[in-house]
Amino acid sequence: MPELPEAETIVRGLRPAIVGLTIAQAEVLKPDILRESKRSFGPKVRGRTIESVDRRAKNVLIRLDGERRIAINLGMTGKLLPFPRPPRGSGRPTHPAVRFRFTDGSILVFDDTRRFGTVECLSDEEWQVREARFGPEPLDPKYAPAALYEALAQSRSPVRSWLLDQRKIAGVGNIYAAEALFLSGIHPLREARAVTPAEATRLHQAIRDVLSDAIDEGGTTIRDYRNAIGGEGGYARLLFVYGRDGEACRRCGSDIERVVLSNRSAFFCPLCQPSPA
DNA sequence: AGTGTATCCTGCAGGC
DNA sequence: TGCCTGCAGGATACAC
């Protein structure tokens, strides 16, 4: 999916386009995207005005008047495309799942090829229950290296798996986990609790660097990801390891390797990230 | 607690 | 050209 930087890029693009608009109608073209029936979802959003657009972890939150919000998980291929009229090129929806029509005639489409995404309308209370399950936001200034170290020290899972667990740290996905581990010189199979305080400090910095650099680049486009105007992110050209198995490490020239861990690919440089065994 | 496996889907690349 | 397999920025449920 879109990970934290892609969700953040989408939010920044969406905010000026839709804040203040009032929803006239929600058309649900792919009901399996909702976690409730069309008949209950429609009335909850109809007539509501958008107050703000925010992000938590990898989720886009569209806050409405009446103490409720639309929570969107983009899944692997979800896109949010706002437009006054049907756009051309890559910004055009190909697999529209939910179409919001506003009273001023503009439209917001949630488009999702694989339909792993979800769209929900939650009350403040429902959202708070959900929100409490996410770990800290890595870019929160209050998130300290010691907090990362102490949390890692409690887990026996491989550090790459640990980083993908949204309850431990919010918003990190497979691309940025791979990049952050490379930058901090930690092998993806290292046991989380075996990470030293010095390594945890490097990892903490690497996570922040990778995520904020990726936000600056507008995210990473490998295949599907597009921002709110259908554009691609520029971080792909800065990747050190993700998707580069068999290619030369940009630091030492070794062949980048790929292993499967918890059914997901993990990429690393065997020299820059020494094996735990 | 943590891992492997399967599941939800569609599309694309590569091998034959 | 077609058919097959494997792979994909996510998340969750299950058995072990």
Side-chain angles (χ1 to χ4, degrees), chain A residues 1-11 29-35 55-60 71-80 90 93-98 110-120 130-131 133-135 138 151-181 188-194 207 210-211 213-215 217-227 231-246 258-267 276:
Chain A
M1 126 166 171
E3 306 181 28
L4 185 156
E6 291 75 30
E8 182 63 29
T9 301
I10 287 168
V11 162
L29 296 88
K30 306 286 183 185
D32 56 347
I33 288 293
L34 303 178
R35 287 187 176 171
R55 177 193 61 76
R56 174 74 166 108
K58 305 171 188 174
N59 300 275
V60 176
I72 298 159
N73 185 304
L74 299 153
M76 291 280 239
T77 52
K79 305 174 211 21
L80 279 166
S90 56
T94 54
H95 295 73
V98 182
F110 176 65
D111 187 88
D112 189 3
T113 308
R114 292 176 71 184
R115 305 211 303 282
F116 287 174
T118 55
V119 174
E120 299 171 89
R130 185 77 56 88
E131 205 273 339
R133 299 176 53 203
F134 292 117
L152 285 167
Q154 292 177 316
S155 171
R156 307 168 66 157
S157 80
V159 62
R160 202 291 310 263
S161 303
W162 192 94
L163 288 170
L164 294 192
D165 186 341
Q166 300 300 297
R167 294 168 301 187
K168 306 288 199 299
I169 182 168
V172 177
N174 210 17
I175 293 179
Y176 301 110
E179 296 302 303
L181 288 170
L189 291 173
R190 279 279 294 287
E191 206 180 23
R193 64 179 183 176
I207 291 168
V210 160
L211 295 176
D213 288 351
I215 290 171
E217 288 290 331
T220 303
T221 297
I222 304 289
R223 272 170 292 270
D224 298 278
Y225 166 71
R226 293 294 185 278
N227 64 28
E232 301 191 356
Y235 197 74
R237 64 189 167 79
L238 301 178
L239 296 174
F240 280 97
V241 289
Y242 181 83
R244 296 192 68 245
D245 50 315
R258 179 179 89 94
V259 292
V260 175
L261 172 58
S262 302
N263 268 349
R264 313 276 315 265
S265 291
F267 303 91

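Letters A, B, ... mirror the listed sequences (proteins, then strands); counts begin at 1.
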Applying ring-ring contact (aromatic ring centres under 6.0 Å, His included), name anything that partners [X], two or more places apart in sequence or on another chain.
{"X": "A/Tyr242", "result": "A/Phe267"}
{"X": "A/Phe240", "result": "A/Phe182"}
{"X": "A/Tyr225", "result": "none"}

Problem set entry | Any side-chain heavy-atom pair of A/Arg226 and A/Thr221 under 4.5 Å | yes

Exercise. Is the closest side-chain heavy-atom distance between A/Pro5 and A/Tyr235 below 4.5 Å?
Worked result: no

For this session: Name all residues meeting the side-chain contact (heavy atoms from CB on, under 4.5 Å) criterion together with A/Leu164; count only those two or more places apart in sequence or in a different chain, and write none if there are none.
Result: A/Arg160, A/Asn174, A/Ala177, A/Arg264

For atom [atom1], what is the distance between [N] and [M], given to the nearest Å?
{"N": "C/dC3", "M": "B/dC9", "atom1": "P", "result": "23 Å"}
{"N": "C/dA8", "M": "B/dG4", "atom1": "P", "result": "15 Å"}
{"N": "C/dG6", "M": "B/dA6", "atom1": "P", "result": "12 Å"}

For this session: For A/Ser157, enumerate each residue passing the side chain to side chain donor-acceptor pair (under 3.5 Å) test, keeping only those at least two apart in sequence or located in another chain.
Result: A/Ser155

For this session: Taking side chain to side chain donor-acceptor pair (under 3.5 Å) as the test, write out the residues that go with A/Arg237, two or more places apart.
Result: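 A/Arg237 satisfies side chain to side chain donor-acceptor pair (under 3.5 Å) with A/Glu217 once adjacent residues are dropped.
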
Who are the salt bridge (Lys or Arg N to Asp or Glu O under 4.0 Å) partners of [X], not counting sequence neighbours?
{"X": "A/Asp165", "answer": "A/Arg167, A/Lys168"}
{"X": "A/Arg190", "answer": "A/Glu199"}
{"X": "A/Glu8", "answer": "A/Arg12, A/Arg55"}

Without decimals, in angstroms, what is the distance between [X] [atom1] and [N] [atom2]?
{"X": "A/Ile175", "N": "C/dA8", "atom1": "CD1", "atom2": "P", "answer": "11 Å"}
{"X": "A/Lys168", "N": "B/dA1", "atom1": "NZ", "atom2": "C1'", "answer": "9 Å"}
{"X": "A/Arg193", "N": "B/dA1", "atom1": "CZ", "atom2": "C1'", "answer": "11 Å"}
{"X": "A/Leu4", "N": "C/dA11", "atom1": "CG", "atom2": "C1'", "answer": "17 Å"}
{"X": "A/Leu164", "N": "C/dA11", "atom1": "CG", "atom2": "P", "answer": "9 Å"}
{"X": "A/Arg35", "N": "C/dA13", "atom1": "CZ", "atom2": "C1'", "answer": "13 Å"}
{"X": "A/Asn73", "N": "B/dC9", "atom1": "CG", "atom2": "P", "answer": "16 Å"}
{"X": "A/Arg258", "N": "C/dA8", "atom1": "CZ", "atom2": "C1'", "answer": "11 Å"}

Mind checking [X] for me? I need base, sugar-phosphate or nothing, with any heavy atom below 4.0 Å counting as a touch.
{"X": "A/Asp224", "result": "base"}
{"X": "A/Arg167", "result": "nothing"}
{"X": "A/Ser155", "result": "sugar-phosphate"}
{"X": "A/Tyr176", "result": "nothing"}
{"X": "A/Ser157", "result": "sugar-phosphate"}

Problem set entry | Stems formed with participation of DNA chain C [Watson-Crick or G-U wobble, under 3.5 Å, three or more pairs] |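 Stem list for DNA chain C: B:2-8 with C:10-16, B:10-16 with C:2-8.
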
For this session: State whether A/Ser265 places a side-chain N or O below 4.0 Å from either non-bridging phosphate oxygen (OP1 or OP2) of C/dA8.
Result: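 Yes, within the criterion.
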
Exercise. Any side-chain N or O of A/Lys30 less than 4.0 Å from the OP1 or OP2 oxygen of B/dC9?
Worked result: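 Indeed not, no polar side-chain atom of A/Lys30 lies that close.
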
Can you check nucleotides 4-8 of chain B for protein contacts, nitrogen or oxygen pairs under 3.5 Å, and list what you find?
from  : atom 1 : to       : atom 2 : distance (Å)
B/dG4 : OP2    : A/Ser262 : N      : 3.4

Exercise. What's the spacing between A/Asp111 CG and A/Lys79 NZ if we round to 0.5 Å?
Worked result: 5.5 Å

Restricting to nitrogen or oxygen on both sides, can you table the protein-nucleotides 11-16 of chain B pairs closer than 3.5 Å?
from   : atom 1 : to      : atom 2 : distance (Å)
B/dG11 : OP1    : A/His95 : NE2    : 2.8

For this session: Taking atom types as modelled, find out whether A/Arg114 and A/Thr77 have a side-chain donor-acceptor pair closer than 3.5 angstrom.
Result: no

